[in-house]
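Both counts, for ligands and for their atoms, begin at 1 and track the order of listing. Note that the coordinates shown come from a computational prediction; the quantities given were computed from them, not determined experimentally.
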Amino acid sequence: MGKARIGVYGLGTMGSALALNMAEHGFDVAVTNRETDWIAGFIAEAGNLAERLDPHDKIQDFVAALERPRVVLFMIPSGEPMDAMLREITPLLEPGDIVIDGGNADFHDTRRRVGNLSGSRLNYVGLGVSGGEAGARYGPSMMMGGDAEAWARIAPILTAIAARHEGSPCVAHLGPDGAGHFVKTVHNGIEYADMQVIAEIYSLLRNGLALPPAEIGALFEAWNEGPLRSYLVEITARLLTYADPETGHPVIDVIKDAAGQKGTGRWSVIEALRMGQSASMIEAAVGARSWSSEKDTRQAAEVVLGGTVSVIEASPEVLAEAFLAARILAHAQGFRVLAAASEDYDWSLDFATIARIWRAGCIIRSALLDEIAVACEGDLPRGQLILDPGLAQTLARCMPALRQVVCSAVHGGHPVPALSAGLAWYDSMRLGHGSANMIQAQRDMFGHHGFERLGQAGVHHGPWWD
Ligand code: 6PG
């Protein structure tokens with residue numbers, strides 16, 4: 001083998017799948033891993049593709065095996081491990097070489113590293129990669145942040161390995177420095193919200209309508225044929241068909257109701273708040289995972305507070321409409337956060353491109369994203385999807401269902417943090433006149449903070465100060 005076109009550092013689930021994907025598309029790939037004893041096993045399992053893989057134990061040999069200017073893709077845990085690797089590899093690289101971080105990195109870290117590496121004239125790329133192991137192996141959706149020169153160099157590889165939606169590759173150069181990692185973070189935020197909405201709908205079907213898992217699975221399967229079609233609905237339908245080999249019970253019933261999180265959902269919320277936004281459905285999803293992990297407290301509280309729930313007054317058809325409304329609202333909140341970041345960081349994000357590359361390969365791929373891509377091609381002030389005529393029409397049709405579901409769930413004692421957050425946001429946004437005049441008046445009365453007056457410029461004070 002001559003020099004390799006790209007090097008992949010990190011042969012965990014995602015790194016090894018991406019290396020195989022590249023090899024399958026005809027690229028020679030140098031590979032290495034911190035734990036060098038993994039490397040031989042990876043090559044042994046690569047089958048025919050091994051002939052395009054060039055394994056190395058030492059980072060010096062790995063770097064030397066790369067065609068110049070070099071391209072190194074890191075698929076390692078985010079944060080300090082990436083900083084440590086940069087310290088190790090930077091002295092081995094030359095101006096013009098490209099370092100890609102394909103992990104779920106905090107975009108602030110990406111921006112800092114771009115700045116730090118500019119002195120050594122290394123090109124640092126933050127690449128959001130979505131789709132899990134199967135996506136990485138057979139076609140992920142990828143969100144690239146970095147400069148145009150780096151994109152020109154790596155685009156042929158990324159375009160070849162990306163998922164395709166009706167022929168168009170789901171990868172794009174979205175903006176400079178941290179733009180790609182930020183967009184991936186918000187992707188994950190929407191993923192959190194959509195997963196939480198699915199969990200709430202599942203729980204209402206199960207505990208509010210007393211349907212067994214197999215029937216709920218069949219409903220999700222049917223929903224996957226219509227406007228709710230999506231990867232997450234598809235896997236929900238599938239997972240509900242499985243029985244636990246040990247007990248024979250539905251697998252869903254033997255899984256502990258406590259969900260972990262690695263941080264991207266939380267980052268979405270933190271960044272939204274920092275920019276004066278609130279992605280309340282994502283926040284609800286992050287919060288619900290945190291509450292779920294307090295299993296001991298919940299079990300104790302069930303005894304003290306009473307853990308009963310009652311039947312809900314909503315058919316599966318109504319739940320499906322509520323689900324669609326909630327999904328639209330979660331995306332609308334996510335796109336609003338993207339718009340705020342685009343303004344704050346001067347990224348000029350193209351929302352239509354983002355929606356297009358999310359139509360295949362990534363975890364949130366769905367029929368709705370087709371509609372959102374079209375909506376984003378129109379004039380959407382500040383990325384506000386709720387102002388798109390088509391989506392507004394669907395919302396008008398489905399909101400009565402969301403209202404009915406939330407009312408009935410609340411009445412029956414079912415927790416629906418994401419559904420209710422979506423409804424509250426919708427109701428806040430659809431009223432041209434809200435309740436913040438009262439907040440303004442209180443702030444002025446207790447703190448002389450002043451308020452804006454309808455139809456008059458300037459800062460005013462209430463008569464209580466006269
Ligand atoms: C993806 C996923 C992927 C990963 C999440 C899980 O787009 O492929 O989002 O990035 O599965 O990081 O995150 P949590 O562990 O926080 O749920």
Q: Quick one: does Q261 get an N or O within less than 3.5 Å of an N or O on ligand 1?
A: no

Q: Run the side chain to side chain donor-acceptor pair (under 3.5 Å) test on K262 and N104 for me, step by step, so that the C-alpha distance in whole Å, both residues' side-chain angles and the decisive distance to 0.1 Å come before the verdict.
A: CA-CA 9 Å; K262 293 202 201 84; N104 276 333; over 6 Å; no

Q: Within 45 degrees of the ring normal and closer than 6.0 Å to the centroid, is that where the cationic atom of R5 sits relative to F27?
A: no

Q: Give a yes or no on whether a salt bridge exists between R298 and D257, defined as a side-chain N under 4.0 angstrom from a carboxylate O.
A: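 Result for this pair is yes, salt bridge flagged.
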
Q: For atom 17 (O) of ligand 1, what is the nearest protein heavy atom, given as residue, atom name and distance?
A: R289 NH1, 2.7 Å

Q: Please state which protein non-hydrogen atom is closest to atom 15 (O) of ligand 1 and give its distance, to 0.1 Å?
A: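 Scanning the protein heavy atoms, the shortest distance from atom 15 (O) of ligand 1 goes to K262 CG, 3.2 Å.
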
Q: Side chains of N188 and T264 only: does a donor on one sit below 3.5 Å from an acceptor on the other?
A: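 Indeed, the side chains of N188 and T264 share at least one donor-acceptor pair under 3.5 Å.
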
Q: Nearest protein heavy-atom contact for atom 11 (O) of ligand 1: which residue, which atom, what distance?
A: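 The answer is E191 OE2, 4.4 Å.
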
Q: Closer than 4.0 Å to some heavy atom of G132 - which atoms of ligand 1 meet that?
A: 8 (O)

Q: Quick one: are the ring centres of Y345 and F107 less than 6.0 Å apart?
A: yes

Q: Considering only non-hydrogen protein atoms, determine which one is nearest to atom 16 (O) of ligand 1 and report residue, atom name and distance to 0.1 Å.
A: Y192 OH, 2.4 Å

Q: Looking at W267 versus F182, is the centre-to-centre ring distance below 6.0 Å?
A: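 Centroid separation for W267 and F182: 6.0 Å or greater.
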
Q: Considering heavy atoms of the protein only, find what lies nearest to atom 8 (O) of ligand 1 and give residue, atom and distance to 0.1 Å.
A: G131 N, 2.9 Å

Q: Is the closest heavy atom of G265 to ligand 1 under 4.0 Å?
A: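 No heavy atom of G265 comes that close to ligand 1.
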
Q: Quick one: pull up CD in Q384 and CG in L391 and give me the separation to the nearest 0.5 Å.
A: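 Between atom CD of Q384 and atom CG of L391 there are 12.0 Å.
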
Q: Any Lys/Arg nitrogen of D350 or R356 sitting under 4.0 Å from an Asp/Glu carboxylate oxygen of the other?
A: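 The answer is no: the pair does not qualify as a salt bridge.
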
Q: Looking only at N/O atoms, are N104 and ligand 1 under 3.5 Å apart anywhere?
A: yes

Q: Does E88 pair with R34 as a salt bridge, N-O distance under 4.0 Å?
A: yes

Q: Given that the side chain starts at C-beta and the backbone is N, CA, C, O, which of these parts of M195 lies under 4.0 Å from ligand 1, counting heavy atoms, or is it both or neither?
A: neither

Q: Can you find an N/O atom of V129 closer than 3.5 Å to an N/O atom of ligand 1?
A: no

Q: Is there a polar contact between ligand 1 and I363, counting only N or O atoms under 3.5 Å apart?
A: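 No: no nitrogen or oxygen of I363 is under 3.5 Å from one in ligand 1.
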
Q: Give the residue and atom name of whichever protein heavy atom lies nearest to atom 7 (O) of ligand 1, and the separation in Å to one decimal.
A: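 So the nearest neighbour among protein heavy atoms is S130 OG, 2.5 Å.
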
Q: Considering only heavy atoms of H187, which atoms of ligand 1 have at least one such atom less than 4.0 Å away?
A: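 Contacts of ligand 1 toward H187, numbered from 1: 7 (O).
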
Q: Are F335 and W358 close enough that their ring centers fall under 6.0 Å?
A: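 Yes.
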
Q: Below 4.0 angstrom from a heavy atom of N188, which ligand 1 atoms are there? Numbered from 1 as shown, please.
A: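 Once the distances to N188 are compared, the set is 5 (C), 7 (O), 9 (O), 10 (O), 12 (O).
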
